[in-house]
Amino acid sequence: MKKYYKIDEWSVIEEGFNPRYHEESESIFSLGNGHMGQRANFEEKYSGKTLQGTYVAGVYYPDKTRVGWWKNGYPEYFAKVANAPNWIGITVKVNDEELDLHYCKTKDFRRELNMKQGYLERSFIATFKSGNQVRVNARRILSMADDEIGAIRYSVDSVNFNGVIEITPFLDGNIFNRDANYDEKFWDVLDTGINDNKAYLKARTRKSGFEVGFCMTSEILFNGSPAEIKSETLTWPGYIGQIFKCKVSRGDNITLFKYVSVLDSLNYKPELIVSRSIQAVARARKKKFEGLFSEHANYWEESWTHSDIIIKGDPAAQQGIRFNIFQLNQTYTGRDERLNIGPKGFTGEKYGGSTYWDTEAFLIPFYLSTEPSKVARNLLIYRYKHLGKAIENALKLGYNQGAALYPMVTMTGEECHNEWEITFEEIHRNGAIAFAIYHYINYTGESEYLAEYGLEVLIALSRFWRHRVNWSDVKGKYVILGVTGPNEYENNVNNNWYTNKMAAWTLKYTIDSIEYVMNESPLAYQKIVKKTRLKYEAEIAAWKDIIGNMYFPILEERGVFLQQEGYMDKEQHMVSELSLSERPINQHWSWDRILRSVFIKQADVLQGLFCFEHEYSTDIIRRNFDFYEPRTVHESSLSPCIHSILASRIGEAEKAYELYLRTSRLDLDDYNNEVDEGLHITSMGGTWMSIVLGFGGMRVKEGMLSLSPSLPKKWNFLSFNIHFRGRILNVGITGKSTQVSLLKGDPIQVEINGKLINCRQLKIQTNDIGQNI
Ligand code: BGC
């Protein structure tokens, strides 16, 4: 665990250039705007270790599956987020020496991710071999206000020389993915050209055929005044640049503004992409950098007013949560229901950039509470639209017609994952998709979603579970064999408690939802019956039989639910017995040793208790927490948040705090030693949950918002805003009182520490036991 970045409540700051951590910083300082994303690669050349990453949402390459031994049912390809042509590039030469921080001596290096206004800024002084020195300051934005536009202000001062500075903004399609199964090229550059001082590059992904157009135009200031410098075009296959040469004397400054538009065939007809990208970049240039910057910063200001969380008394915790919220908001804006959120967002190639169960299990709550409900709804509709493919997938694996197995990893609804223990066995993802429908309706009260979309999905999921269980004569119960639970440190287990729980719950929720739609929307119900060919009596009877007779492994003597059968046969060691040099175990132990060990990668039984907390007493939750927490290594980013929420639930505030820091600063402090590959975007939803659901104790109980706060000792104050059923509420918590303010919408009743409070006027204050004060 490093403490490399400076603590600041609104910024992440790196002081001094440390090439050892450069790839880590490229992840940490990433920018995005929902439509595209960019790792914090340098604009100028860098010959050291770097992971170049430019991504366009929804644009992927179907990389042919590579496995040791083919198994029937494996998917043909893994959808890989395609590292797109480089649009940030700016080559800098001083009297023919190229600026490259791998070779130049660097001083006063500073990099800042300013989260309040959403920009990346870098400054340094570089000394060339000749002794010539330049001072550089570069600021970059990916406009949130106009998501087709990126802009860079790149300023170079001559510190100590007279001579020529040559500065060449460029577009380069000669790029590759580090994560490519066969080292194939993912892109073909179709066209480059220059039109009225606007240089463009159009490229197409191989096989998937996405076309993306990039167009750049530049402006130069010389000592602060516009300079009419004629550029020369520099071009070779897949590359186009414009060289600007400037004679300078010591102390002179050249500032280049580079404006770039990025348009793609998800949104434009391929034949229009170039002309539209030229128009888009003209629009950007007209606004100038200041104009683009101010509308971008205004967007962030507005966004923070409804999504910020304020923590007083603990700057590291404050920085952590803002970093998480910032990354979530720049990854997904909810504008396009065809898009989803990959585990690494726009910050790296790992996981292919595709959709996992992470979205339903960890992100829906964040978007539900920080945005109007249509944003989370879009994420549900994304899965609704993939239902046909999920049914095809199940059929391909041998399940009954009408049963759906959603993919573990997907871009288009097709399964991409190809490790059998995950692809075929990590079926709990189906449970998360059902739970997200429940969660959405429970939170928003929009039960009509069931008739419109939800019920069809639930029926198909229940049909899957019905086919996936089997009757065990020995146990006299239904069992689910050969699965991988959320804990991926053991595969092919029988009766994973979490999976069995999810299955039985889905069946029950589907039956309740059928009854609801049948009564409330009979016409819609008839349509669904016809479309799904639901055989009401027979299917419901079979589902009820499974619900009533599902097997759940239990460790009676400890009073805990057992993660899976046979778990207690393992040698029972505790994480505290591991030495630091062995951790994370997935980087030090053989896979064989991990699989046989007792150590749990991520919340599994506890994930279930988190979802169904209302069904269990505090005592049961505590017993399970006390049993599993010491055995969990939290080597999935998705783990500490769930443990933190449950720790808050059982009144273990300090444990909850320790786990909160682990989730919120997971990337900033690189707990799992892997941030160079990209950020853990999806777990950031869990960080948010560990504050709002954990320390805030927020729940929705029978349609009512309820809070039962408990702050870590170190915090003097916690405040967050939530969207809830057409209202916006602000919650402010101190050690002594909780205050709920109605910022927008109609009066509402809120439960605080078990007492009902009418939230009519702007501010309601209560003490710890919920009395108005
Ligand atoms: C976790 C999975 C998760 C995936 C992507 C894995 O390490 O075990 O639960 O879906 O990462 O975040």
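Read the numbers this way: they start at 1 and go in the same order the structure lists the ligands and their atoms.
- Ligand 1 places these atoms under 4.0 Å from at least one heavy atom of Glu488: 1 (C), 2 (C), 6 (C), 7 (O), 8 (O).
- Of the protein's non-hydrogen atoms, Tyr351 OH, 3.4 Å is the one closest to atom 11 (O) of ligand 1.
- Each of the atoms 2 (C), 3 (C), 9 (O), 10 (O) of ligand 1 lies under 4.0 Å from some heavy atom of Trp357.
- Aromatic ring centres of Trp505 and Phe435 lie closer together than 6.0 Å.
- Remark: ligand 1 atoms within the under-4.0 Å shell around heavy atoms of Gln602 are 1 (C), 8 (O), 9 (O).
- If you number the atoms of ligand 1 from 1 as listed, the ones under 4.0 Å from a heavy atom of Tyr356 come out as 4 (C), 5 (C), 10 (O).
- The protein heavy-atom contact nearest to atom 10 (O) of ligand 1 is Asp358 OD1, 2.7 Å.
- Side-chain contact of Thr663 with Thr687: a donor-acceptor pair under 3.5 Å is present, judged by distance alone.
- The distance between the ring centers of Phe323 and Phe326 does not fall below 6.0 angstrom.
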For this session: Begin with the C-alpha distance, continue with both residues' side-chain angles, and end with the deciding distance and a verdict on side chain to side chain donor-acceptor pair (under 3.5 Å) for Asn673 and Gln587.
Result: CA-CA 9 Å; Asn673 204 18; Gln587 291 172 20; 3.3 Å; yes
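- For Tyr489 and Phe599, the ring centers are positioned 6.0 Å apart or more.
- Within a 6.0 Å sphere centred on CZ of Phe176, other residues, nucleotides and ligands contribute 12 heavy atoms or fewer.
- Each of the atoms 5 (C), 12 (O) of ligand 1 lies under 4.0 Å from some heavy atom of Pro343.
- Heavy atoms of Lys601 approach ligand 1 to within less than 4.0 angstrom.
- Close approach of ligand 1 to Leu638 (heavy-atom distance below 4.0 Å) involves ligand atoms 3 (C), 9 (O).
- A donor-acceptor contact closer than 3.5 angstrom is absent between the side chains of Arg429 and Tyr356.
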